[in-house]
Amino acid sequence: MSKLRSVKGMNDILPEETPRWHRLEAELRSVFERHGYGEVRTPIVEKTALFTRSIGEATDIVNKEMYSFVDKGDEALTLRPEGTASCARAFLQHSVGAKKPVNKWYYLGPMYRRERPARGRYRQFYQAGVECYGDPGPFVDAEMIDMSVSLLAALGITEVRVLLNSLGSDQTRARYRDALKEFFTPLAAELSPESQARLEQNPLRILDSKSPKDQELSQGAPPILDFLGDDDREHFDELRRALDALGTPYEVDTSLVRGLDYYTRTLFEVQTTSGSLGAQSALLGGGRYDGMLAELGGKATPAVGFAMGLERLLHMMPEEQAPPALDAFVVMAGAALRPEALRLAKALRAEGARVDVDLRGGSLKSQLRRVDKSGAAYALVLGEGELERGVVQLKDLARHEQEELTLEDAPQHLRGLITPS
RNA sequence: GUGGGUGUAGCUCAGUGGUAGAGCACUGGAUUGUGGCUCCGGUGGUCGCGGGUUCAAGCCCCGUCACUCACCCCA
């Protein structure tokens, strides 16, 4: 075992596993694109200030989880811990909102957070997410939530529940924060140490503490929904009616708060109910952030989005049998035939077949064993005698049948066999 | 960051102080150039690392690192 290992919490994905990733990514792109979203690709590194300003100074992500460094130009940079801030920056930088009233983007790629790794939680992890700019909702919110649930269903993930909450406007949120502070301060001594710290920094997060004592105390706290203004309440009610119309089940959970500061109004999270992810039950989460673009110095633009963790989806996706990665294998009776074997393989590949050759030139028996293990449907057997006559044996592995073809005809013949009719 | 568990072959794991093992995988063969099943053989190890106890340590003790689970938080 080598001492050179990948960085803690950052994992290799070997060719054996990538077909599963490809299937997941293809499904994501397909669903996003069917809903009118186009892919955006932003850099993995951004100026640190982008994240501190958008995500919020008081969040765990900014406080203790960012991979930040100073580059040789003395610039403070950070490996992106999430995708929304980068998208917002790109949206503003290219004045996208001025060209089109509503823009729907999706992204897919690695994110970085320096947390203690656990099942379903890694320091480099892959997220796919969507952002919709320019529509204040609530119907686009409903469409997005519904899309996320049908996406999971398309992946075979059905043991889920949708949690929904509303935080109201920035003003509502500020008033609610004060109210919670007022409510919990007399109880501070009874709160868990973590929640005592939250009381100052972010009282909202006391509500989703997992400490039983905290939960008990939170029962008596005033619910956020009581603080919603008329517009906020109407927005929330319309969202719920739209979800009902779409037939998407959800549960209102007023303790749903989430760890990022930029959310306003709609907040949602889809969790697995299967328990197979250990403590990490959130498959995707998001919400509305109507204030962020103005906060970053742009024109006020309503926005809503969510992000999903691909490793978690992979953990949840049912196992499927991987289809063979090869159509045919060229084998030869004798290592001297390697140049001819290469030539034949080249001709087969030119016709679109996925072909490998065992160029180590072992015994025919060992080559055929390898063919069998590769899952390829056909073997092309090249021998001295055949070569002199300009022919090759085409062996159908499943049927145990063999036929003789001319070297000239073999490529097109194989193409006919592997092309789905 | 806090607490628990586990580190032995590429993988999954046995090995209760006395010569380092199994299954799988890989590989060679079972009468001339034909796969799966079966049978026979072979390659492969700093027992995570460092120290200590002992005549003797994979095994006991201390430290350390890695992985993992839970907490915290999140996707």
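Residue numbering restarts at 1 for every chain, and letters A, B, ... go by the order of the sequence lines. This structure is a prediction, so every number in the text was calculated from the model and none was measured.
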Taking [Y]'s backbone N and O only, do any of them form a donor-acceptor pair with [X]'s side chain (distance below 3.5 Å, no angle check)?
X       : Y       : value
R265(A) : G168(A) : no
Y262(A) : L293(A) : no
R20(A)  : M317(A) : yes
D253(A) : L163(A) : no

Task: Paired and unpaired positions of RNA chain B as dot-bracket, Watson-Crick or G-U wobble under 3.5 Å, | denoting a partner strand - done: (((((((..((((....[..)))).(((((.......))))).....(((((..]....))))))))))))....
For [N] and [M], measure between their [atom1] atoms and round to the nearest Å.
N       : M       : atom1 : value
rG48(B) : rA9(B)  : C1'   : 14 Å
rC47(B) : rG21(B) : C1'   : 12 Å
rG35(B) : rG29(B) : P     : 12 Å
rG45(B) : rC11(B) : C1'   : 15 Å
rG18(B) : rA56(B) : P     : 14 Å
rC69(B) : rG10(B) : P     : 23 Å
rA57(B) : rA20(B) : P     : 12 Å
rG4(B)  : rC72(B) : C1'   : 15 Å

Taking any heavy-atom pair under 4.0 Å as a contact, classify [X]: base, sugar-phosphate, or nothing.
X       : answer
L284(A) : sugar-phosphate
G334(A) : nothing
E384(A) : base
R113(A) : base
L283(A) : sugar-phosphate
K373(A) : sugar-phosphate
Q402(A) : base
G362(A) : nothing
E386(A) : base
V371(A) : nothing

Open item on the list: Measuring to OP1 and OP2 of rU27(B), would you say a side-chain N or O of S366(A) lies under 4.0 angstrom away?
Closed with: no
TODO: Look at the side-chain N and O atoms of K365(A) and state whether any lies under 4.0 Å from the OP1 or OP2 oxygen of rG28(B).
DONE: no
Side chain of [X]: nearest nucleotide among [options]?
X       : options                   : value
Q393(A) : rG35(B), rC69(B), rG33(B) : rG33(B)
R369(A) : rU34(B), rG29(B), rA75(B) : rG29(B)
A282(A) : rA75(B), rG35(B), rU34(B) : rA75(B)

- [ ] Return the residues of residues 10-17 of chain A meeting this criterion: a heavy atom under 4.0 Å from some atom of RNA chain B. Order them by number, or give none.
- [x] none
Task: Residues in contact with RNA chain B, drawn from residues 124-132 of chain A - heavy-atom cutoff 4.0 Å - done: F125(A), Q127(A)
Between the side chains of [X] and [Y], is a donor N or O closer than 3.5 angstrom to an acceptor N or O?
X       : Y       : value
R113(A) : Y67(A)  : no
Q171(A) : S169(A) : yes
Y37(A)  : E39(A)  : no
E46(A)  : T78(A)  : no
S166(A) : D232(A) : no
T266(A) : D141(A) : yes

Looking at [X], I'd like to know if its [atom1] atom is crowded, meaning that more than 12 non-hydrogen atoms belonging to other residues, nucleotides or ligands lie closer than 6.0 Å.
X       : atom1 : value
R175(A) : CZ    : yes
K346(A) : NZ    : no
E340(A) : CD    : yes

At a cut-off of 3.5 Å, list every protein nitrogen or oxygen paired with a nitrogen or oxygen from nucleotides 1-5 of chain B, distance to 0.1 Å.
from: rU2(B); atom 1: O4; to: R116(A); atom 2: NH1; distance (Å): 2.6
from: rG3(B); atom 1: O6; to: R116(A); atom 2: NH2; distance (Å): 3.2

Open item on the list: Taking the nucleotide of RNA chain B with the nearest heavy atom to each, does Y122(A) or A376(A) sit closer to the 5' end?
Closed with: A376(A)
Open item on the list: Please compare R360(A) and L368(A) by the position of their nearest nucleotide in RNA chain B and report the one closer to 5'.
Closed with: R360(A)
TODO: Over all heavy atoms of both residues, which pair between D358(A) and M332(A) is shortest? Give the atoms and the distance, please.
DONE: O-CE, 3.3 Å
Side chains of residues 10-18 of chain A: which donor-acceptor pairs under 3.5 Å do they make with residues two or more places apart or in other chains?
from: E17(A); atom 1: OE2; to: L14(A); atom 2: N; distance (Å): 3.1
from: T18(A); atom 1: OG1; to: P15(A); atom 2: O; distance (Å): 3.0

For [X] and [N], what is the distance between atoms [atom1] and [atom2] respectively, to the nearest whole Å?
X       : N       : atom1 : atom2 : value
R119(A) : rU6(B)  : CZ    : P     : 20 Å
L163(A) : rA75(B) : CG    : P     : 13 Å
Q367(A) : rG29(B) : CD    : P     : 11 Å
R80(A)  : rA75(B) : CZ    : P     : 15 Å
R370(A) : rG35(B) : CZ    : P     : 17 Å
I55(A)  : rC74(B) : CD1   : P     : 12 Å
D372(A) : rA25(B) : CG    : P     : 12 Å
R123(A) : rC67(B) : CZ    : C1'   : 13 Å

Open item on the list: Would the base of rC74(B) count as contacting R312(A) through its side chain, where contact means a donor and an acceptor less than 3.5 Å apart?
Closed with: yes
Below 3.5 Å, can you tabulate the donor-acceptor pairs from side chains in residues 102-111 of chain A to any protein atom, sequence neighbours excluded?
from: N103(A); atom 1: ND2; to: K100(A); atom 2: O; distance (Å): 3.1
from: K104(A); atom 1: NZ; to: H35(A); atom 2: O; distance (Å): 3.0
from: K104(A); atom 1: NZ; to: E143(A); atom 2: OE1; distance (Å): 3.3
from: Y106(A); atom 1: OH; to: R29(A); atom 2: NH1; distance (Å): 3.2
from: Y106(A); atom 1: OH; to: E33(A); atom 2: OE2; distance (Å): 2.7

Open item on the list: I want to know whether Y289(A) and Y263(A) have ring centres closer than 6.0 Å.
Closed with: no
